[in-house]
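Presented below is the structure to which this report refers.
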Amino acid sequence: MQLVIATRNAHKLEEIRAIFDFRSLDVLSAFDFPEIPDVVEDGETFEENAVKKAVEIAKATGCWALADDSGLEVDVLGGAPGVYSARYAGEPCSYPANNEKLLRELSGETNRSARFRTVIALSDPEGKAETVSGDCPGKIIGELRGANGFGYDPLFVPNGFTETFAELDAVVKNRISHRANALKKAHAVWGAKLAAL
Ligand code: ITT
């Protein structure tokens, strides 16, 4: 049986494959289905967008699908960029422009607390979906540090560390991240079901 990871974000895909033990499942991604149009992410929550991505890809492929909707919530910005994390500085998605905008918005601000959040949705081929979520608390620093990872990683220092996600080894990020925490729950809740596919 095939499972499709409903993402066209290569970094996310790499992290999901590194974190989650898919055992003998044949795992594909949205990159394997170039004819399927991008899912329009117009939900107001990570849950809505994750479910929409998983359900649309499951129905279009006839496979089970797993989607990740994620982003950064900054307390002093009222939870922004939140669901708009990918396109915070406008279209098209640009990580440098998003990071510059975040630094601008937080200029002179002493409260730098934030968290990454991920919602993982799993849909069956008919479009019946469930979700789990995970987060990772930390703070936003005042300059970019490190070259690993993607997105806001060079600005985010997880609680308990002095390095940013972009300075930490991928093995460490994949042990403590929002995505790791969500996927641990996914494994606990859906592991047996997925193993039986
Ligand atoms: P798909 O919808 O195809 O999965 P996407 O990049 O559009 O790809 P999202 O809509 O979930 O995915 O947006 C997630 C954005 O949140 C992403 O582009 C980054 O800016 C940010 N983000 C999520 N997880 C992150 C992480 O682990 N490290 C750094 N930034 C992250």
- Message: Run Lys193 and Leu122 through side-chain contact (heavy atoms from CB on, under 4.5 Å) and show every step you take.
- Response: CA-CA 11 Å; Lys193 180 155 69 182; Leu122 177 70; 4.2 Å; yes
Provide the closest heavy-atom pair for [X] versus [Y] in the form atom of the first, atom of the second, distance.
{"X": "Ala114", "Y": "Leu72", "result": "CB-CD1, 4.2 Å"}
{"X": "Ala182", "Y": "Val132", "result": "O-CG2, 3.5 Å"}
{"X": "Thr45", "Y": "Val83", "result": "C-CG1, 3.5 Å"}
{"X": "Ile57", "Y": "Ala6", "result": "CG1-CB, 3.5 Å"}
{"X": "Tyr88", "Y": "Lys101", "result": "O-NZ, 3.1 Å"}
{"X": "Thr162", "Y": "Glu167", "result": "O-OE1, 4.5 Å"}

Beyond-backbone contact of [X] with [Y], side-chain heavy atoms, under 4.5 angstrom:
{"X": "Ser29", "Y": "Ile16", "result": "no"}
{"X": "Phe165", "Y": "Ser177", "result": "yes"}
{"X": "Pro81", "Y": "Val74", "result": "yes"}

For the pair [X] (side chain) and [Y] (backbone), establish whether a donor and an acceptor sit closer than 3.5 Å, ignoring hydrogens and angles.
{"X": "Asn174", "Y": "Ile19", "value": "no"}
{"X": "Asn99", "Y": "Pro96", "value": "no"}
{"X": "Arg112", "Y": "Leu106", "value": "yes"}
{"X": "Asp26", "Y": "Leu28", "value": "no"}
{"X": "Thr118", "Y": "Gly134", "value": "no"}

Output the distance between atom [atom1] ([X]) and atom [atom2] ([Y]), rounded to the nearest 0.5 Å.
{"X": "Leu183", "Y": "Leu66", "atom1": "CG", "atom2": "CG", "result": "7.0 Å"}
{"X": "Glu56", "Y": "Ser123", "atom1": "CD", "atom2": "OG", "result": "10.5 Å"}
{"X": "Phe156", "Y": "Ile141", "atom1": "CZ", "atom2": "CD1", "result": "11.0 Å"}
{"X": "Asn9", "Y": "Ser70", "atom1": "CG", "atom2": "OG", "result": "7.5 Å"}
{"X": "Arg8", "Y": "Leu13", "atom1": "CZ", "atom2": "CG", "result": "11.5 Å"}
{"X": "Glu14", "Y": "Thr7", "atom1": "CD", "atom2": "OG1", "result": "12.0 Å"}

Salt bridge [X]-[Y], side-chain N to carboxylate O under 4.0 Å:
{"X": "Arg115", "Y": "Asp75", "value": "yes"}
{"X": "Glu163", "Y": "Lys173", "value": "no"}
{"X": "Asp42", "Y": "Lys52", "value": "yes"}

Verify same cluster id: [X], [Y] (apolar side-chain graph, 4.5 Å):
{"X": "Val39", "Y": "Ile120", "result": "no"}
{"X": "Ile5", "Y": "Ile36", "result": "no"}
{"X": "Leu194", "Y": "Met1", "result": "yes"}
{"X": "Val119", "Y": "Val189", "result": "no"}
{"X": "Val4", "Y": "Phe20", "result": "no"}

- Item | Partner of Arg179 by salt bridge (Lys or Arg N to Asp or Glu O under 4.0 Å), out of Asp153, Asp135, Asp68 | Asp68
- Would the number of heavy atoms belonging to other residues, nucleotides or ligands and lying under 6.0 Å from CD of Glu44 be above 12? no
- Message: Does Phe31, at its CZ atom, have more than 12 non-hydrogen atoms belonging to other residues, nucleotides or ligands within less than 6.0 Å?
- Response: yes
- Which one of Leu144, Asn98, Thr164, Ile140 satisfies the side chain to side chain contact (heavy atoms under 4.5 Å, CB included) criterion with Tyr152?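 Between Tyr152 and the candidates, side chain to side chain contact (heavy atoms under 4.5 Å, CB included) is satisfied uniquely by Asn98.
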- Quick one: do Ile176 and Phe161 satisfy side-chain contact (heavy atoms from CB on, under 4.5 Å)? Show the steps, please. CA-CA 11 Å; Ile176 64 166; Phe161 290 80; 3.5 Å; yes
- Using 30° and 60° as the class limits, which term best fits the ring planes of Tyr95 and Phe150: parallel, tilted or perpendicular?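 If you compare the ring of Tyr95 with that of Phe150, the planes turn out tilted.
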